[in-house]
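If you're wondering where the values come from, they're calculated on a predicted model, not measured in any experiment. Indexing begins at 1, ligand by ligand and atom by atom, following the structure's order.
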Amino acid sequence: MSCSLVYRVGLSRTVIKSYRNLLRLSDHSSLFSTSTNSSNVDKKDQSKPDIKVTFIKANGQKIVGYGKTNENLLDVVINNHLDIDGFGACEGTLACSTCHLILKKDDFDKLKNKPTDEELDMLDLAFGLTETSRLGCQVYLTKEMDGLEVVVPETINDARTT
Ligand code: FES
């Protein structure tokens with residue numbers, strides 16, 4: 001056997017041995033596994049939307065949707081296929097004010113995320129603005145908000161067209 005062949009065979013054995021060691025290691029640890037992360041994501045994605053939100057339309061009709069923690073009220077409308085005309089036209093990019101909702105004073109005060117300047121600017125363009133108005137795409141659900149009722153204003157004003 002030539003010197004270079006011995007070197008190549010030796011090197012190959014070394015590589016194979018290292019590879020086997022790596023495989024053995026991966027059997028006993030999660031160093032090479034992404035399953036831990038993906039299973040966490042799966043669990044999160046599979047959690048049940050169990051926060052109930054009632055939307056009261058101007059004609060008095062109540063429509064109910066369910067959402068999960070960290071989803072916003074626009075997500076609830078979309079994910080539950082709720083029929084609210086023109087709602088969420090800009091898809092939550094803070095550009096339209098069509099997701100304007102009116103909350104009860106108590107619920108408004110309890111909201112953890114307060115309106116940003118950008119939201120307040122957009123709210124100024126909303127139809128029928130009140131002291132307890134918020135943009136649905138900016139109100140994020142928490143477990144404590146289960147049972148929330150919000151009023152959908154009589155009409156919408158799409159700020160992009162004014
Ligand atoms: S969806 Fe347009 S501002 Fe909320």
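Classification of Lys110 and Asp106 as a salt-bridged pair fails, no side-chain N sitting under 4.0 Å from a carboxylate O. Looking at Lys105 and Glu131, no side-chain N of the basic residue comes within less than 4.0 Å of a carboxylate O on the acidic one, giving no salt bridge.
Qualifying side-chain contact (heavy atoms from CB on, under 4.5 Å) partners for Lys52, counting only residues two or more places apart in sequence or in other chains: Thr54, Val64, Tyr66, Asp146.
Around atom 2 (Fe) of ligand 1, the protein atoms of type N, O or S that sit closer than 2.8 Å are Cys90 SG, Cys96 SG.
For the residue pair Thr93 / Glu91, no side-chain donor-acceptor distance below 3.5 Å is found, with atom types taken as modelled.
Annotation for Asn72 and Gly136: closest pair CB-O, 3.7 Å, computed over non-hydrogen atoms.
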### Task
Run the numbers on Leu73 and Arg134 for side chain to side chain contact (heavy atoms under 4.5 Å, CB included), then give the verdict.
CA-CA 10 Å; Leu73 294 177; Arg134 288 294 303 263; over 6 Å; no
